[in-house]
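To start, the structure under review is shown below, and the notes come after it.
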Amino acid sequence: SAVISQKPSRDICQRGTSLTIQCQVDSQVTMMFWYRQQPGQSLTLIATANQGSEATYESGFVIDKFPISRPNLTFSTLTVSNMSPEDSSIYLCSVTLSGLAVYNEQFFGPGTRLTVL
Amino acid sequence: KQEVTQIPAALSVPEGENLVLNCSFTDSAIYNLQWFRQDPGKGLTSLLLIQSSQREQTSGRLNASLDKSSGRSTLYIAASQPGDSATYLCAVNPTGTASKLTFGTGTRLQVTL
């Protein structure tokens with residue numbers, strides 16, 4: 001597997017502000033994703049982070065609200081913009097790794113718990 | 001649109017029991033299915049991945065089976081322990097969608113002493 005770290009691990013923010021979450025991986029990554037887990041819910045895919053180009057967003061998620069960067073293979077950021085209390089969730093990055101026998105097994109970071117007041 | 005359901009939503013068992021968690025999906029055209037464990041407020045730990053061509057996978061006390069034609073997977077936990085207490089999630093990787101997982105609703109397991 002791999003060591004996947006996220007920063008910050010948690011934060012409490014005021015509505016109308018923005019928060020940038022970082023995801024760093026210590027192994028060779030093929031694909032990188034961002035998910036949201038709202039309280040009491042399962043995970044929903046926000047977008048696929050593409051290296052050096054615009055992310056691919058799922059239905060219901062837009063770049064203006066969730067801008068994503070991936071400047072290299074092992075690092076990505078997700079920004080939650082103009083936050084409202086409805087954005088309170090756990091945000092998780094996940095990756096698939098190169099060089100594994102099961103190449104599309106997905107591994108998750110520890111998550112960032114965001115509370116918006 | 002793929003929908004993934006897990007039954008039961010919550011389960012409490014005494015230590016030592018064998019138990020089965022169920023996962024069903026509506027579209028049988030899947031590439032693989034992955035079982036995860038999530039501790040409260042934490043990220044996900046991958047437990048087992050079953051490719052669509054496989055029937056089952058085993059890791060220690062865990063055994064996952066897959067019946068793609070009927071849209072079902074089960075996770076069998078043998079000799080449960082209090083440390084197994086967590087939420088268990090299944091996720092399907094639909095064919096041709098580049099690893100974009102669709103998650104189930106989860107089963108919250110509590111193993112009591």
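As the structure is a prediction and not an experimental result, all values here were calculated from the model. Order of the sequence lines sets the chain letters (A, B, ...), proteins ahead of strands, with each chain counted from 1.
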Is there a path of hydrophobic side-chain contacts, each under 4.5 Å between heavy atoms of I/L/V/M/F/W/Y residues, joining Trp35(B) to Leu19(B)? yes
Let me know if Leu89(B) has heavy atoms under 4.5 Å from chain A in its side chain, its backbone, both or neither. side chain
Okay, Gln37(A) and chain B: the region with an atom under 4.5 Å from a heavy atom over there is side chain
Cluster overlap Tyr91(A) with Leu19(A), hydrophobic side-chain contacts below 4.5 Å: yes
In this structure, would Leu62(B) and Tyr88(B) fall into the same cluster of hydrophobic residues linked by side-chain contacts under 4.5 Å? yes
Side chain, backbone, both or neither: which part of Glu58(A) has a non-hydrogen atom closer than 4.5 Å to chain B? side chain
Tell me, for Ile90(A) versus chain B, whether the close heavy atoms (under 4.5 Å) come from the side chain, the backbone, both or neither. side chain
Thr112(A) pairs by side chain to side chain donor-acceptor pair (under 3.5 Å) with which of Lys7(A), Gln6(A), Gln22(A)? Gln6(A)
Counting only non-hydrogen atoms closer than 4.5 Å, does Gln6(B) touch chain A with its backbone (N, CA, C, O), its side chain (CB onward), both, or neither? neither
Do Arg61(B) and Asp84(B) meet the salt-bridge criterion of a basic N to acidic O distance under 4.0 Å? yes
